[in-house]
Amino acid sequence: MKSLSTSASLETVSVRLRGKIQGVGYRQAAVREGHLIGVRGWVQALPEGDILAMVQGTPDQVDKMLEWMRHGPPGARVTDFESEVAYTGRRFDRFEQL
């Protein structure tokens, strides 16, 4: 796992996904991919079927994670992808499923 140095510029992005993304292992795969890329934050399912995530890392790490999230694991079909920069002073310890 790639670690974030304290001097690296951190970017935090809020993500909302819609589509065939529940029941296909999306969140578990996102956690594995997040660990490989080295991002931090969280991913969670909403009752209406959407998935929310907060992704934090260097700009390059965040870009890689967002690119993966646009497609997800095999079996997923993302039909709507929204992301926006989140302004937070919080630094996450790891990428996890809520």
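Remember, predicted model here, so these are calculated numbers, not experimental data. We number each residue from 1, following the sequence as shown.
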Considering residues at least two apart in sequence or located in another chain, which fulfil the side-chain contact (heavy atoms from CB on, under 4.5 Å) criterion with Gln44? Trp42, Leu46, Leu52, Leu98
If you round to the nearest 0.5 Å, how far is CZ of Arg91 from OG1 of Thr12? 8.5 Å
Residues Val55, Phe95; criterion side-chain contact (heavy atoms from CB on, under 4.5 Å); working and verdict: CA-CA 8 Å; Val55 179; Phe95 195 76; 4.3 Å; yes
Between Met65 and Ala30, which heavy-atom pair has the shortest distance, and what is it? CE-O, 3.3 Å
Do you know which two heavy atoms are closest between Val13 and Ser83, and how far apart they sit? CG1-CB, 3.7 Å
If only atom types and distance count, is the side chain of Gln56 paired as donor or acceptor with the main-chain N or O of Phe92 below 3.5 Å? yes
Could you walk me through whether Val78 and Met69 pass the side-chain contact (heavy atoms from CB on, under 4.5 Å) test, one step at a time? CA-CA 8 Å; Val78 177; Met69 293 180 88; over 6 Å; no
Not counting sequence neighbours, which residues clear side-chain contact (heavy atoms from CB on, under 4.5 Å) with Pro59? List them please. Ser9, Glu11
Show me the pairs that pass ring pair (Phe, Tyr, Trp, His ring centres under 6.0 Å) and involve residues 46-83, at least two apart or across chains. Tyr26-Trp68
Please name all residues satisfying side chain to side chain donor-acceptor pair (under 3.5 Å) with Asp80, sequence neighbours left out, ordered by chain then number. Arg18
Shortest non-hydrogen contact between Met54 and Ala86, atoms and distance: SD-CB, 3.8 Å
Closest heavy-atom pair, Leu17 versus Ile21, reported as atoms and distance to 0.1 Å, is O-CD1, 3.3 Å
Could I get the full list of side chain to side chain donor-acceptor pair (under 3.5 Å) partners for Arg16, not counting sequence neighbours? Glu48, Asp50
Stepwise, does the side-chain contact (heavy atoms from CB on, under 4.5 Å) test hold for Asp93 with Arg40? CA-CA 6 Å; Asp93 294 329; Arg40 298 172 183 192; 5.6 Å; no
Listed partners of Gln28 passing side-chain contact (heavy atoms from CB on, under 4.5 Å), at least two apart: Arg32, Gln97
Gln61 (side chain) donor-acceptor with Thr58 (main chain) under 3.5 angstrom: yes
